[in-house]
K.L.:
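Handing you this structure, nothing more for now.
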Amino acid sequence: MIKKYLDQQSQYWEKSFRNNTEMFGLDASEAAKHAKEIFESQKIKKFFSRKSIDILELGAGLGRDTTYFAANSNLIEITALDYSSEAIKNINKKKTDYYSDLTMTDGKSAADKITTKVWDVRNGIPYNDNSFDGCFSHMLYCMALTTAEIIKLNQEVHRVLKPDGINIFTVRHTGDGDYKRGKHIEEDLYENDGFIVHFFNKEKINKISRGFKIEDIFELHEGSFPRKLFVVTLRKK
């Protein structure tokens, strides 16, 4: 019954993305801006001999971070996954409407640097081992996923990352104002206004990070509420 209840979240997201194409605003998240600097920094300088850095974005939503990566980096090529067909449709529309005429210094348009796919990460990640230099996800891990599903997901990220690849993700933490508010589902999952959020502490981050070295965890506040997040940087061992 719990699984069926969690599965119903996809309907909420499809409806929300369909009815509000600016649900999270148009500006990139601060987490994405931070991730871009990390991906381009000396931390992955070994990849600079190539013309591009291949980044996987999970739970891309309406694409505010996807398009930011493509339009603001001459190095990053981004593959964006989301289980909402409405979300991916929106990203593809933005590619056509706003980014096809934006030419980067490498001669490619920003739109050509974006690949999209409708995909449910609970079914794994549909790419080969060692395919990506980095992975980014903004609040995907704190969606309607059990701890066991998150562990499985993070191991899939580990699998598709190249050696020394970086995984940067954000989660709402247990100091957030919504923690323990609304309907308790199970574990640290709570439902508010129809949406289920999984809250994290640092012990849970350690638990899901097997096979990675935790390089950094810092707190970030987002929005006027605000949402209180951990920004986590992991490196594949």
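Just so it is clear, the values below take in all heavy atoms, side chains as well, and ignore hydrogens, waters and symmetry mates. Fair warning: this is a prediction, and the values are worked out from it, not measured in the lab.
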K.L.:
Using the side-chain contact (heavy atoms from CB on, under 4.5 Å) rule, take Asn201 and Lys204 through it: C-alpha gap first, then chi angles, then the decisive distance, then the call.
P.N.:
CA-CA 5 Å; Asn201 55 29; Lys204 184 169 289 185; 3.5 Å; yes

K.L.:
To check you understand the geometry: which heavy-atom pair defines the closest contact between Gln9 and Ile196, and what is its length?
P.N.:
OE1-N, 2.9 Å

K.L.:
Which pairs count as ring-ring contact (aromatic ring centres under 6.0 Å, His included) when at least one residue sits in residues 134-171, sequence neighbours excluded?
P.N.:
Phe69-Phe136, Tyr141-Phe169, His158-Phe212

K.L.:
Listed by chain and number, what are the side-chain contact (heavy atoms from CB on, under 4.5 Å) partners of Leu102, not counting sequence neighbours?
P.N.:
Ala71, Tyr99, Met104, Ala110

K.L.:
Does some side-chain heavy atom of Ser131 sit less than 4.5 Å from a side-chain heavy atom of Asn128?
P.N.:
yes

K.L.:
Would you call Ile114 and Thr66 a side-chain contact if the rule is heavy atoms closer than 4.5 Å?
P.N.:
yes

K.L.:
Any salt bridge between Asp178 and Arg181, counting N to O under 4.0 Å?
P.N.:
yes

K.L.:
Can you find a pair of side-chain heavy atoms, one from Leu161 and one from Cys135, that are under 4.5 Å apart?
P.N.:
yes

K.L.:
Heavy-atom count check: over 12 atoms from other residues, nucleotides or ligands less than 6.0 Å from Asn19 CG?
P.N.:
yes

K.L.:
Treat each ILVMFWY residue as a node, draw an edge where side-chain heavy atoms are under 4.5 Å apart, and state whether Phe195 and Tyr179 are in one component.
P.N.:
no

K.L.:
Salt bridge or not for Lys180 and Asp188, using N-O below 4.0 Å?
P.N.:
no

K.L.:
How about CG on Asn123, more than 12 heavy atoms from neighbouring residues, nucleotides or ligands closer than 6.0 Å, or not?
P.N.:
yes

K.L.:
Please identify each residue that fulfils ring-ring contact (aromatic ring centres under 6.0 Å, His included) with Phe225, with sequence neighbours left out.
P.N.:
none

K.L.:
Quick one: does any side-chain atom of Gln155 pair with a main-chain N or O of Arg210 as donor and acceptor, under 3.5 Å?
P.N.:
yes

K.L.:
Looking only at heavy atoms, which two atoms of Ser100 and Ser109 are closest? And how far apart?
P.N.:
O-CB, 3.3 Å

K.L.:
Side-chain heavy atoms nearer than 4.5 Å, only ILVMFWY residues, links allowed to pass through others: does that put Tyr98 and Ile76 together?
P.N.:
no

K.L.:
Among all residues two or more places apart in sequence or in another chain, which pass the ring-ring contact (aromatic ring centres under 6.0 Å, His included) test with His184?
P.N.:
Tyr190

K.L.:
Could you please spell out the steps behind the side-chain contact (heavy atoms from CB on, under 4.5 Å) verdict for Leu56 and Leu81?
P.N.:
CA-CA 8 Å; Leu56 174 66; Leu81 271 58; 3.9 Å; yes

K.L.:
Could you walk me through whether Lys213 and Leu234 pass the side-chain contact (heavy atoms from CB on, under 4.5 Å) test, one step at a time?
P.N.:
CA-CA 6 Å; Lys213 176 186 176 184; Leu234 307 179; over 6 Å; no

K.L.:
What I'd like to find out is whether the side chain of Leu229 reaches to under 4.5 Å of the side chain of Glu219, using heavy atoms alone.
P.N.:
no

K.L.:
Apply side-chain hydrogen bond (donor to acceptor under 3.5 Å, both in side chains) to the pair Thr147 and Glu187, showing each step before the final yes or no.
P.N.:
CA-CA 8 Å; Thr147 301; Glu187 298 180 355; 2.9 Å; yes

K.L.:
Thinking salt bridges, do Asp112 and Lys108 make one under a 4.0 Å N-O criterion?
P.N.:
no

K.L.:
Looking only at heavy atoms, what is the nearest atom pair of Asp82 and Ala60, with distance?
P.N.:
OD2-N, 3.3 Å

K.L.:
Output the distance between atom CG (Leu145) and atom NZ (Lys152), rounded to the nearest 0.5 Å.
P.N.:
11.0 Å

K.L.:
Would you check if Glu30 and Val231 make a side-chain contact, meaning some heavy-atom pair closer than 4.5 Å?
P.N.:
no

K.L.:
Please tell me whether Phe199 and Met143 are part of a single hydrophobic cluster in this structure, the criterion being side-chain heavy atoms less than 4.5 Å apart.
P.N.:
no

K.L.:
For the hydrophobic clusters of this structure (ILVMFWY residues joined by side-chain heavy atoms under 4.5 Å, transitively), does one cluster hold both Leu153 and Val197?
P.N.:
no

K.L.:
Membership question, hydrophobic clusters at under 4.5 Å side-chain separation (ILVMFWY): are Phe230 and Ile208 in the same one?
P.N.:
yes

K.L.:
Give a yes or no answer on whether the side chain of His221 reaches the backbone of Lys228 with a donor-acceptor pair at less than 3.5 Å.
P.N.:
no

K.L.:
Would you name the heavy atoms of Asp133 and Ile53 that are closest together and state the gap between them?
P.N.:
OD2-CA, 3.4 Å

K.L.:
Under the side-chain contact (heavy atoms from CB on, under 4.5 Å) test against Lys93, which residue among Asn90, Thr96, Asp97 passes?
P.N.:
Asp97

K.L.:
Main chain of Ala87, side chain of Ser84: is a donor-acceptor contact present, judged purely on distance under 3.5 Å?
P.N.:
yes

K.L.:
Check Thr67 against Arg64 and note the closest heavy-atom contact, atom names and distance.
P.N.:
OG1-O, 3.4 Å

K.L.:
Within the distance-only criterion (no hydrogens, no angle test), does the side chain of Asn154 pair as donor or acceptor with the backbone N or O of Ile150 below 3.5 angstrom?
P.N.:
no

K.L.:
Taking atom CZ of Arg227 and atom OG1 of Thr170, what is their separation to the nearest 0.5 Å?
P.N.:
9.5 Å

K.L.:
Are Ile91 and Leu62 packed together at the side-chain level, in the sense that at least one heavy-atom pair is separated by less than 4.5 angstrom?
P.N.:
no

K.L.:
With side-chain hydrogen bond (donor to acceptor under 3.5 Å, both in side chains) as the test, would you mind laying out the steps for Glu14 and Ser85 before giving the verdict?
P.N.:
CA-CA 7 Å; Glu14 286 284 1; Ser85 59; 3.3 Å; yes

K.L.:
For a 4.5 angstrom cut-off between non-hydrogen side-chain atoms, does Ile214 reach Asp216?
P.N.:
no

K.L.:
Do the side chain of Glu156 and the main chain of Ile125 share a donor and acceptor less than 3.5 angstrom apart?
P.N.:
yes

K.L.:
Mind running side-chain contact (heavy atoms from CB on, under 4.5 Å) on Lys202 and Ile217 for me, showing each step along the way?
P.N.:
CA-CA 9 Å; Lys202 289 185 178 179; Ile217 302 175; 4.2 Å; yes

K.L.:
What I want to find out is whether Lys89 reaches Glu86 closely enough, with some N-O distance under 4.0 Å, to be called a salt bridge.
P.N.:
yes

K.L.:
Are Ile38 and Ile166 side-chain neighbours, meaning at least one heavy-atom pair lies under 4.5 Å?
P.N.:
yes

K.L.:
Of the non-hydrogen atoms in His198 and Thr146, which two are nearest, and what is the gap between them?
P.N.:
CE1-C, 4.0 Å

K.L.:
Measure the OG1-CD distance between Thr174 and Glu203 for me, rounded to the nearest 0.5 Å.
P.N.:
8.5 Å

K.L.:
More than 12 foreign heavy atoms under 6.0 Å from CG of Asp101: is that the case here?
P.N.:
no

K.L.:
Please confirm whether the backbone N or O of Ala70 pairs with a side-chain atom of Ser73, one donor and one acceptor, at under 3.5 Å?
P.N.:
no

K.L.:
If you look only at pairs with a residue in residues 101-131, which of them pass as a ring-ring contact (aromatic ring centres under 6.0 Å, His included), with sequence neighbours excluded?
P.N.:
Tyr127-Phe132

K.L.:
Check for a donor-acceptor pair, side chain of Asp176 on one end and backbone N or O of Arg172 on the other, with a separation under 3.5 Å.
P.N.:
no

K.L.:
Salt bridge (Lys or Arg N to Asp or Glu O under 4.0 Å) with Asp129: which residues, sequence neighbours excluded?
P.N.:
Arg159

K.L.:
Any salt bridge linking Lys113 with Glu77? Criterion: basic side-chain nitrogen under 4.0 Å from a carboxylate oxygen.
P.N.:
no

K.L.:
Salt-bridge test for Lys36 and Glu40: reply yes if a basic N is under 4.0 Å from a carboxylate O, no otherwise.
P.N.:
yes

K.L.:
Might you work through the side-chain hydrogen bond (donor to acceptor under 3.5 Å, both in side chains) test for Lys236 and Asn130, ending with a clear yes or no?
P.N.:
CA-CA 10 Å; Lys236 180 175 177 176; Asn130 307 314; 3.1 Å; yes

